[in-house]
Structure formats: C-alpha cells, structure tokens
Peer 1: 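Could you have a look at this structure, given as structure tokens, before my questions?
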Amino acid sequence: MKSAVEPLKARRIYLLLRDRIVAGELPPGGRLPGEPALAAEHAVSRVTVRRALDLLEKEGLVQRKAGSGTFVHDRRAVRPIVADLSNVLSHLIDMGRSTDVKLLSFGYGVPSDQIAESLGLKPGERVQRSVRVRLIDGEPFSYLTTHVPEWIGLTYSEAELAARPLLELIERSGVTTERATQAINATLAGPEAATALDLEIGSPLLTLTRIVYEPSGRGVEHLHALYRPDRYSFHMDLVRTGSDGERRWSPALGWPRGQDKSKAEKSKTDKNKSGEKPTRAPRVIKQRS
C-alpha cells in the first residue's frame, strides 16, 4: 500500500511547488528549501521529495545544481506563443515561420464520420492526415493532428509539409480560405501526446479544434491541436458595446494591445501633427519575454 501512496504524495508536493513557482511566490533564480526541509514540511520521505523535484525538473521549472541545491528556472528565456483569439486566421503563416516543426506521421485514408461530416466529404472520400509537433526555442509546445481533403493533400509532399506551414500549402493549391470555426477546451495528455510534448501522462493541456472553410462553405482543413499551457496561451481584446441597459463585451477586432496600443496612439498623434493620415497598427502574434 505504501508504494502506491508515495507517488500520489510526490504528485501533490510537485503540484504545490509548481503553483508557488507559477504564481511567482518562488521567483526565478530563487533557491528551494533543501530536501530534508521539504520532507519535514510535508511529512514525507526524502525519496518522495526527490520524485516531486524530478517532475519539476522534467517540466523545466527548476534546475538542480550539485552541491548547491535546487533553483527556480528563469523561464523568461523561454518565450511562450500568445495567439490572438479575436482573429482566427490572422498571422497563422507568420507563426509557422517563427517556429520549428517536426513531422511525426504523413499518410492518406478514410477519416472518422465526425471529421468527414465537418469537412463536408462524400462517403468514402479520403483525406491527407498528418501529425506534427511544433517547437519554440527548441522546446515542444503543440501537438497537431490535421485532416485535409485528398484533392488538396495531393498538391504537396511530405517534405514540403515538414518545412512549410499547412495553411500556406493549402492556399498555394488555389484554395481561398475565407473563415473558420474553432472550439477551445481542456484535456489530459495521453501517452503519444505526452511523449511528443515532453510531459507526464495525464498532464493538463489546452485543446483546440478548428475547421477552415473556403467561400463555397466546403471544409478544407480539420485541425485538432494540443498545447502545453505553460508555453502557449490564447488572448482576446474586448470592448464594451451596446446601448444603456444592454452593455456587453465584444471582440475588439484590429485593436492593438499593451505597448502596441501606446505606440499606435503616439504614431497617430505624430502623423496628425505632420498632416499625414494615421493608419492602424497591424496585429501581430506576440511572444512574451
């Protein structure tokens, strides 16, 4: 019984320390209490503490230095992707060019009924299916499974998909992508995704399902993406709209956030002084430092 309980205790200590690190209670570069102190604090063995620290180290949250102790890793050097939720297709190609990709599988086959229905495929119509991992700064942050109608998939090769963004290849085939729908949820990492994302099985993940359409309404891509929440996040700018009594939050399309907003306002003021017509600053996917 004890051997079954110890991993649960290690997991609990790992989660407690992880929450303190993420919340900033343990700052980057700060030294964690020693194993004896942590064991006494949580009434567990040093072996259990060591297991918890192993989990933190594997996640990149701490660094263990022989003879010195365990220190909170400065994760400011790892720049997470911040994706704009208010504009589904904006800068997806640019994001692909700023990150690296590892192609895990590439093939053709008949999709599940659910995917076939979402793409508007005929019975028995095949798709090109691929599984990829995207990396930022050399670290994996997303596990992507895509299904594309076969007639589009035949226009690009396995080597091209390993080197170029899928959306770019789809549009190269002559398809015009007009709109998309997407749903965001949370899930737990299964064995394959956990291995690809360098996580423990059962780790929390963000999940996104996106279907991209051409003007005729036909689906041209079904994407199921799993993201490490410590390396990827979704943001949306909102504004208050509506009349009195019916005020609500609505997406602020095209509105620059944070420092971009300040820069845009300064640029607008400068151009007004010089007689130039002000232009709205472009939206970009930002990477935190």
Side-chain angles (χ1 to χ4, degrees), residues 81 83-97 99-135 140-194 196-197 205-228 232 234 236 251 253 285:
I81 291 284
D84 183 5
L85 254 183
S86 63
N87 192 337
V88 176
L89 296 178
S90 176
H91 302 292
L92 290 181
I93 292 177
D94 288 342
M95 188 187 78
R97 287 175 175 161
T99 59
D100 298 317
V101 66
K102 182 188 300 182
L103 183 62
L104 301 183
S105 70
F106 181 98
Y108 293 87
V110 178
S112 67
D113 292 343
Q114 181 182 6
I115 291 176
E117 182 180 357
S118 68
L119 292 174
L121 302 178
K122 298 176 182 178
E125 189 173 351
R126 302 203 315 164
V127 294
Q128 190 284 303
R129 179 183 182 275
S130 66
V131 178
R132 294 167 294 157
V133 173
R134 282 208 172 277
L135 304 96
F141 73 90
S142 67
Y143 182 82
L144 313 171
T145 302
T146 54
H147 293 81
V148 173
E150 184 178 32
W151 63 274
I152 298 177
L154 291 173
T155 66
Y156 55 82
S157 67
E158 181 175 351
E160 287 178 313
L161 184 58
R164 302 175 67 176
L166 177 55
L167 188 62
E168 181 181 289
L169 296 173
I170 291 174
E171 294 182 332
R172 189 193 67 177
S173 72
V175 171
T176 299
T177 54
E178 181 182 61
R179 64 184 181 88
T181 61
Q182 67 181 13
I184 298 172
N185 213 317
T187 189
L188 301 177
E192 293 182 357
L197 295 173
L205 295 173
L206 294 172
T207 176
L208 176 147
T209 300
R210 176 186 295 134
I211 306 168
V212 180
Y213 302 92
E214 64 175 357
S216 68
R218 181 169 50 177
V220 296
E221 178 193 5
H222 182 285
L223 165 70
H224 182 254
L226 298 172
Y227 297 100
R228 287 187 54 144
Y232 195 92
F234 296 99
M236 175 181 281
L253 299 178
I285 290 180

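Note that the structure is predicted; figures quoted are calculated from it, not measured.
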Peer 1: Does a donor on one side chain sit under 3.5 Å from an acceptor on the other, for Gln128 and Tyr156?
Peer 2: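 Checked: Gln128/Tyr156 side chains pair up, N/O donor to acceptor below 3.5 Å.
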Peer 1: Enter the distance from Leu208:CG to Gln182:CD here, rounded to the nearest 0.5 Å.
Peer 2: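 If I round to the nearest 0.5 Å, the distance is 4.5 Å.
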Peer 1: Mind checking whether Thr181 and Arg210 have side chains closer than 4.5 Å, heavy atoms only?
Peer 2: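 Contact flag for Thr181/Arg210 side chains = no.
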Peer 1: Looking at Tyr143 and Ala193, what are the two nearest heavy atoms and their distance?
Peer 2: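 Result for this residue pair: CD2-CB, 4.1 Å.
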Peer 1: Taking the side chain as C-beta and beyond, is there a heavy-atom pair between Val220 and Tyr213 under 4.5 Å?
Peer 2: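 Counting from C-beta outward, Val220 and Tyr213 never come under 4.5 Å.
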Peer 1: Between Ala196 and Pro140, which heavy-atom pair has the shortest distance, and what is it?
Peer 2: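 Residues Ala196 and Pro140, closest heavy atoms: O-CB, 3.6 Å.
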Peer 1: Measuring only between side-chain heavy atoms, which start at C-beta, is Phe141 closer than 4.5 Å to Arg134?
Peer 2: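 Side chain of Phe141 against side chain of Arg134, heavy atoms only: contact under 4.5 Å found.
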Peer 1: Give, for atom CD1 of Ile184 and atom OH of Tyr227, the distance between the pair rounded to the nearest 0.5 Å.
Peer 2: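 Going from the CD1 atom of Ile184 to the OH atom of Tyr227 covers 8.5 Å.
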Peer 1: Drop me the distance from Glu160's CD to Glu168's CD, to the nearest 0.5 angstrom.
Peer 2: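 With rounding to 0.5 Å, CD (Glu160) is 9.5 Å from CD (Glu168).
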Peer 1: With sequence neighbours left out, write down each residue that passes salt bridge (charged side-chain N to carboxylate O under 4.0 Å, His left out) with Arg126, or none if nothing qualifies.
Peer 2: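 By the salt bridge (charged side-chain N to carboxylate O under 4.0 Å, His left out) rule, Arg126 matches Glu150.
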Peer 1: Restricting to pairs with a member in residues 101-125, which pass side chain to side chain donor-acceptor pair (under 3.5 Å), not counting sequence neighbours?
Peer 2: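 Listed by first then second residue: nothing to list.
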Peer 1: Please report the C-alpha distance between Leu166 and Arg132 in whole Å, then the side-chain angles of each, then the deciding distance to 0.1 Å, and finally whether the side-chain contact (heavy atoms from CB on, under 4.5 Å) criterion is met.
Peer 2: CA-CA 11 Å; Leu166 177 55; Arg132 294 167 294 157; 4.0 Å; yes
Peer 1: Using side-chain heavy atoms (C-beta onward) and a distance below 4.5 Å, is Thr176 in contact with Glu214?
Peer 2: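 No, side chains not in contact.
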Peer 1: Less than 4.5 Å apart, side chain to side chain, heavy atoms only: is that true for Leu197 and Leu205?
Peer 2: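 A side-chain contact under 4.5 Å exists here.
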Peer 1: So, for Leu119 and Pro149, which heavy atoms are closest and what is the spacing to 0.1 Å?
Peer 2: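 Smallest interatomic distance, heavy atoms only, reads CD1-CD, 4.4 Å.
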Peer 1: Out of curiosity, Ile170 CD1 to Ile152 CD1, how far, rounded to the nearest 0.5 Å?
Peer 2: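 The CD1 atom of Ile152 is 5.5 Å from CD1 of Ile170, to the nearest 0.5 Å.
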Peer 1: Are any of the side-chain heavy atoms of Ile211 and Glu221 separated by less than 4.5 Å?
Peer 2: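 No, their side chains stay 4.5 Å or more apart.
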Peer 1: Check Val148, Thr146, Thr145 against Leu223 for a side-chain contact (heavy atoms from CB on, under 4.5 Å) and give me the one that passes.
Peer 2: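 In the set Val148, Thr146, Thr145, the residue that makes a side-chain contact (heavy atoms from CB on, under 4.5 Å) with Leu223 is Thr146.
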Peer 1: Working to the nearest 0.5 angstrom, can you tell me the gap between Leu144 CG and Leu103 CG?
Peer 2: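 Reported value, rounded in 0.5 Å steps: 10.5 Å.
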Peer 1: Working to the nearest 0.5 Å, report the span between NE2 of His147 and CZ of Arg129.
Peer 2: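 Output value for this atom pair is 5.0 Å.
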Peer 1: Are the side chains of Pro111 and Leu121 in contact, using a 4.5 Å heavy-atom criterion?
Peer 2: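 Yes - at least one pair of side-chain heavy atoms lies under 4.5 Å apart.
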Peer 1: Would Val101 and Val133 satisfy side-chain contact (heavy atoms from CB on, under 4.5 Å), going step by step from the backbone distance to the final call?
Peer 2: CA-CA 6 Å; Val101 66; Val133 173; over 6 Å; no
Peer 1: Does any N or O in the side chain of Arg179 come within less than 3.5 Å of the main-chain N or O of Pro215, such that one atom is a donor and the other an acceptor?
Peer 2: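 No; zero donor-acceptor contacts below 3.5 Å.
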